[in-house]
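Read the structure below first, then the notes.
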Amino acid sequence: MSEMPEAMIKINNVSKWYGDFKVLTDCTTSVAKGEVIVVCGPSGSGKSTLIKCVNGLEAFQQGDITVKGISVGDPKTNLPKLRAHVGMVFQHFELFPHMTITDNLSIAQIKVLGRSKDEAHAKTMKLLDRVGLKAHAHKHPGQLSGGQQQRVAIARALCMDPICMLFDEPTSALDPEMVNEVLDVMVQLAKEGMTMMCVTHEMGFARKVSNRVIFMDNGNIVEDATKDDFFGTPRSERAQQFLSKILSH
Amino acid sequence: MNYHWNWGIYLEQIKGGDETYLDWLITGFGWTVAVSLSAWVIALTLGIAVGVLRTAPSKVVVAISTAWVELFRNIPLLVQMFLWFFVVPELLPREWGLWVKQDMPAKEFMTATICLGFFTSSRVAEQVRAGIQSITHGQRMAGLAMGFTLPQTYRYILLPTALRMVIPPLTSEFMNVFKNSSVAFAIGVMELTFQARQMQEDSEQGIETFLAVTVLYFVCAFTANRVMAVIEKRAQIPGNIAGQH
């Protein structure tokens, strides 16, 4: 399962410490091109840390991670260049508050990818249209709702033509009625064949579009199973407990 | 009170010269503005740079920039004026020291400007550092995740937000620069306080003299305040307090 020929993301025996505290223990998995992986687990289990290791936002001390064959942990790797092509969506949106929505989407296209202003603007408008927010292009992030901000954040990542997308609890900070508008965009993306690694507790999303579910506890990958196996018969007791709690409400 | 009021004193000629006292005050006002504005340019440039470096990932860089801040904010400004004027030229290589002491144009002005600029830079640096540190870690990560280098992340994301947040404390610093520039009289810059003392001794009209000087300082500081208020208003982000979620 974890050794697919066309692995986009390969995580191999990764361990990470904060001082003496071990937050990740020998994590191994991989994400094939076009695959959608959901990472779940109780808070403090290391899932956000793991996903941030994938684009090198968090350093790890052992093991290695490659994205499309490029080693993230190698000091010689040009991390900014790698990150420019790995889209990331954060729990708290992290739009740039002082820029208009248009500028939020354009600035990295211009300053990082070197696109012309016109080219960047065209791409920006195309993606804003796609997430249904073209009418808000001139506004600032503070003038949008949480759901709208998160859709902008997804569009911002897509502007960079990412080879894969990382989602770090993209709906956890949203009011309940805004969760679906964000999930709809993510489902659409998954259906188009985007490679995605999503830390989320949205089990409906996992059922609908994911290929595999990874369950983490205490910095360990406890379960790494196909969607049907995971929801049908999770092997570990910890995952069973977690599922019964999360699905009972 | 046996004080002899003379409100016409400003237009009277100084003793043994053809200038009026008003001319002295105007000259003083000009030097005060010149020293203050030049020092503010130095303070902002160095202060922003040092403030940024204080939040850098390198321990060595943080230590050096912290040392800068502590050096310039723990010594009284008046003592710093004397240090720059009397001590620093002696510490320079002989040729340079001689040049500073004998040939440097506008020696007093240059010294006072550098001194006040460096002194204020340490205070600006602290404000800028606080502004950067008040931004959530997520903003830095978002910048890096987009492919920006760390310097680009500062340039396009962290600093624009941080500087907006510290406009109110920077307003105080800008006003302080004008007020602190009065210390420059001690090394002979012919600014407002210098001229005031000269006028008071020459005219023996202390109240009129210092009243005029008070008004002129007030005008400087108040103008600085208003200019910053306009900047603050124009920099406001619609629908948002900078950096807030």
Side-chain angles (χ1 to χ4, degrees), chain A residues 48 51-52 54-59 78-101 103-114 136 138-146 148-150 153 156-157 159-162 165-166 168-169 173, chain B residues 48 51-52 55-60 62 127-128 130-170 228 230-245:
Chain A
S48 282
I51 203 171
K52 284 183 187 128
V54 172
N55 63 353
L57 286 181
E58 293 276 2
N78 183 343
L79 272 183
K81 199 175 166 197
L82 176 68
R83 287 171 180 146
H85 297 288
V86 177
M88 184 151 205
V89 175
F90 296 86
Q91 183 177 2
H92 295 286
F93 331 134
E94 305 302 349
L95 296 179
F96 307 134
H98 57 293
M99 295 178 196
T100 61
I101 301 304
D103 288 345
N104 262 279
L105 271 66
S106 313
I107 184 155
Q109 295 185 62
I110 297 166
K111 304 292 178 189
V112 176
L113 300 182
H136 300 277
H138 61 286
K139 291 187 181 170
H140 280 74
Q143 295 168 302
L144 301 186
S145 74
Q148 289 172 329
Q149 289 192 54
Q150 196 62 302
R156 179 176 70 175
C159 278
M160 306 294 281
D161 293 322
M165 289 279 291
L166 308 172
D168 186 10
E169 304 207 33
Chain B
I48 291 172
V52 164
T55 65
S58 151
K59 278 185 183 148
V60 177
V62 171
Q127 316 288 8
V128 171
I132 293 170
Q133 287 178 342
S134 72
I135 299 172
T136 59
H137 191 58
Q139 284 283 302
R140 183 184 297 249
M141 288 208 286
L144 295 174
M146 297 295 293
F148 287 116
T149 60
L150 189 61
Q152 282 180 319
T153 303
Y154 272 94
R155 159 78 181 77
Y156 297 117
I157 296 149
L158 301 179
L159 266 180
T161 320
L163 288 178
R164 279 180 171 84
M165 273 188 284
V166 299
I167 290 175
L170 285 186
M228 291 298 276
V230 170
I231 293 174
E232 187 176 2
K233 200 164 164 75
R234 292 188 58 167
Q236 239 166 28
I237 299 167
N240 208 319
I241 300 170
Q244 209 184 51
H245 291 290

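Below, chains carry the letters A, B, ... as their sequence lines are ordered, and counting in each starts from 1.
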Smallest separation among heavy atoms of B:A142 and A:F96, with atom names: CB-CE2, 4.0 Å
Would you compute the distance between atom OH of B:Y156 and atom CD1 of A:I110 and round it to the nearest 0.5 angstrom? 9.5 Å
Enter the distance from B:I157:CD1 to A:N104:CG here, rounded to the nearest 0.5 Å. 9.0 Å
Segment of A:K139 engaging chain B (4.5 angstrom heavy-atom cut-off): neither
With rounding to the nearest 0.5 angstrom, report the NE2 to CG distance, A:H98 to B:L158. 9.0 Å
Can you tell me which of A:L166, A:V112, A:V86, A:I107 forms the most heavy-atom pairs within a distance under 4.5 Å of chain B? A:V112
With respect to chain B, which residue among A:R156, A:M160, A:K111, A:Q91 yields the maximal number of heavy-atom pairs within a distance under 4.5 Å? A:K111
Given side chains that start at C-beta, do those of B:L144 and A:P80 come closer than 4.5 Å, heavy atoms only? no
Identify the two heavy atoms, one from A:P97 and one from B:I237, that lie closest to each other, and give their separation to 0.1 Å. O-CG2, 3.0 Å
If you take all heavy atoms of A:N55 and B:A145, which pair is closest and at what distance? ND2-CB, 4.0 Å
Most heavy-atom pairs under 4.5 Å with chain B, out of A:G56, A:A84, A:A173, belong to A:A84
Just so I know, are the side chains of A:E94 and B:M141 near enough to count as touching, which here means a heavy-atom distance under 4.5 Å? no
A side-chain contact here means heavy atoms from C-beta on lying under 4.5 Å apart; do A:R83 and B:M146 qualify? no
Check whether A:H92 reaches the backbone of B:Q139 with its side chain - one donor and one acceptor, N or O, closer than 3.5 Å. no
